[in-house]
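Taking it in order: structure first as structure tokens, then the write-up.
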Amino acid sequence: MTRRLHPRTGAVPALAWALAGALALSSCGDRSPDASASSGGSAADSSGQPARTEIPDDFPLASGMGGPGDRIATSRSGTGLRDLTLCHSTPLRGLGLRDRMVADNSGGESADTRELVLLGSADEAGRLATTISDLASACETPDRAGDTETLTEVRASPFGPAPASTLVQTWTIGGEPGDGATVVHVLPAGAALLVTSTYGQWTADELEEGVASTVAPLREATAALRMFDDDTTAQQPTQQPTEPTEPTQEPTQEPSAVPEDFPLDVGLPADGGDTTVSAPSPDGDGMGEVEMCGRVVWPQPATPGGVRRLVTGASGPEYFEGRELVVHEDAQLAVGAMDVLRAAASDCRTVRNQVWTVLDRDTGHDTVTVGLTYSDGLGSSVFQVTRVGSARVMVTTYGEGSLASLGSQADEVTETTGRIVPAMCVFTKTGC
């Protein structure tokens, strides 16, 4: 798809035209990184494939930490985040690990600590990620140290669907709000789990921007986590068992192919004159990353099994219309991605000059519709994401509108979605 310059260049980081590049285990006491060698754990993940047994020395765990010229060292030892306390528990202590890596850049009025642990299997990493969010969300009594109470809010992760999560910790001291907050990101990938903690002295009015500011510095580290996802599928057994066995989980499947006649470009104007139209293609730039208050809500940085996609769009003076279809390996993955979007839409209202508005539109399917306008001038976008089975489609338009015109703009987008979604029934098991 032809790359375009947005009519409000510099004011709309939400829509980028280049693709961005983008748990019940706890006990007391520490264990050395190689403790799993004597714990009886298998060196294979739950699919029976050989698992990576160590973290590469050049893993970019410290990327984005400190200033542009800083080089933060990583280590295989050190406290890291073993003292992270959630509901009176320290979930990163007492683990049987294959390996771990930590990085720390703390001092003054800020602190940034990261820990990457490699467990015995993807199931263990997923359970640990779930435990961390469950401890925070289900705790009936806040963590207390003296007259300080730590309050932890669990949010959807900007890096992927659950069991990934983001925790925001604030404090009361003697019943009064304390200064600053800590943002904890939890992201499993294969048998690995990345946990990061960033403290900043953000006021209540600055908190949302503070949370959002912790995302970009982690992009390189979170992208590198994909090497652990690959471990679970890259190698095949060299010998078939002599006797049939019951499968331990659903086999990995390719996402369903997109039909050649899929009507993603239905209703687009003709190419020519001041209008440029890109034909449907699986290789176009598409929407790029869409962020809401620092959370990536489209297309989701990574998904098991990969995706099939199709993109198209049209652009002209002060006008843009784009469509992108993403097909996941199964419906559960698509549902998780919708949950991330729905949580972001619920939480995000304003950031800098952006004003986000939830628009209630019915397509007859699982749909989230949001509008983006600006506090300092004209310009309006509508983003509508609709799920049918294992597929999601985004339809978006931009024009020189305002908050007052979002309703009619959303109606037009909903009409377009209504012409596309009947063809998405092929991505369901039983049809629509």
Side-chain angles (χ1 to χ4, degrees), residues 23-57 59 61-62 74-104 111-139 143 150 152 154 157 159-160 162-167 169 182-198 218 221-222 224-229 231-232:
L23 46 141
L25 297 171
S26 66
S27 62
C28 298
D30 285 340
R31 224 168 163 181
S32 63
D34 60 354
S36 60
S38 60
S39 66
S42 169
D45 72 358
S46 59
S47 66
Q49 310 302 336
R52 188 182 292 269
T53 58
E54 62 182 15
I55 300 167
D57 290 338
F59 186 89
L61 183 64
T74 61
S75 171
R76 305 284 173 165
S77 60
T79 301
L81 290 173
R82 287 177 171 174
D83 289 340
L84 175 68
T85 301
L86 298 168
C87 200
H88 325 293
S89 300
T90 50
L92 293 178
R93 285 186 177 272
L95 303 174
L97 304 177
R98 299 190 185 283
D99 201 2
R100 76 189 282 258
M101 179 181 284
V102 298
D104 184 77
D112 196 357
T113 304
R114 302 175 185 177
E115 177 154 353
L116 177 64
V117 296
L118 188 58
L119 294 114
S121 69
D123 287 343
E124 288 184 40
R127 286 196 299 270
L128 180 54
T130 300
T131 293
I132 290 174
S133 60
D134 286 351
L135 283 170
S137 61
C139 194
D143 292 300
T150 301
T152 304
V154 181
S157 171
F159 300 111
S165 63
T166 295
L167 315 182
Q169 294 186 317
T182 295
V183 179
V184 177
H185 293 294
V186 181
L187 183 61
L193 180 71
L194 175 65
V195 184
T196 71
S197 174
T198 305
L218 288 168
T222 55
L225 284 176
R226 294 170 187 167
M227 70 175 67
F228 300 103
D229 276 328
D231 288 341
T232 64

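All values below were derived from every heavy atom in this structure, side-chain atoms included, with hydrogens, water molecules and symmetry-related copies excluded.
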Is the shortest side-chain heavy-atom distance between [X] and [Y] below 4.5 Å?
| X | Y | result |
| --- | --- | --- |
| Thr198 | Thr182 | no |
| Pro56 | Met227 | yes |
| Ser133 | Pro163 | no |

[atom1] of [X] to [atom2] of [Y]: how many Å apart, nearest 0.5 Å?
| X | Y | atom1 | atom2 | answer |
| --- | --- | --- | --- | --- |
| Leu81 | Leu116 | CG | CG | 11.0 Å |
| Leu86 | Leu167 | CG | CG | 6.0 Å |
| Ile55 | Asp99 | CD1 | CG | 4.5 Å |
| Leu187 | Leu218 | CG | CG | 9.5 Å |
| Arg82 | Thr113 | CZ | OG1 | 13.5 Å |
| Met101 | Ser75 | CE | OG | 9.0 Å |

| note | With sequence neighbours left out, the residues meeting side chain to side chain contact (heavy atoms under 4.5 Å, CB included) with Ala62 are Met65, Ile72, Thr74, Ala103
| query | Looking only at heavy atoms, what is the nearest atom pair of Gly120 and Glu124, with distance? | reply | N-OE1, 3.6 Å
| request: Could you pull out the closest heavy-atom pair between Val154 and Ala136, with the gap in Å? | output: CG2-CB, 3.6 Å
Can a donor-acceptor pair be found, under 3.5 Å and without considering hydrogens, that links the side chain of [X] to the backbone of [Y]?
| X | Y | value |
| --- | --- | --- |
| Asp229 | Gly190 | yes |
| Thr90 | Arg93 | no |
| Ser89 | Pro91 | no |

| field | Derivation and outcome, side chain to side chain contact (heavy atoms under 4.5 Å, CB included), residues Val117 and Leu119 | value | CA-CA 6 Å; Val117 296; Leu119 294 114; 3.9 Å; yes
| Mind checking whether Phe228 and Phe59 have parallel, tilted or perpendicular rings, split at 30° and 60°? | tilted
| task | Using the side chain to side chain contact (heavy atoms under 4.5 Å, CB included) rule, take Phe159 and Thr166 through it: C-alpha gap first, then chi angles, then the decisive distance, then the call. | result | CA-CA 9 Å; Phe159 300 111; Thr166 295; 5.6 Å; no
| task | Begin with the C-alpha distance, continue with both residues' side-chain angles, and end with the deciding distance and a verdict on side chain to side chain contact (heavy atoms under 4.5 Å, CB included) for Leu225 and Leu194. | result | CA-CA 8 Å; Leu225 284 176; Leu194 175 65; 3.9 Å; yes
| message | Quick one about Asp143 and Thr85 (side-chain donor to acceptor, distance below 3.5 Å, no hydrogens or angles considered), yes or no? | response | no
| Between Gln169 and Thr152: side-chain donor-acceptor atoms closer than 3.5 Å |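 A donor-acceptor contact under 3.5 Å links the two side chains.
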| request: Check step by step if salt bridge (charged side-chain N to carboxylate O under 4.0 Å, His left out) holds for Asp104 and Arg114. | output: CA-CA 6 Å; Asp104 184 77; Arg114 302 175 185 177; over 6 Å; no
| task | Answer yes when Arg100 and Glu115 have at least one side-chain N-carboxylate O distance shorter than 4.0 Å, and no when they do not. | result | yes
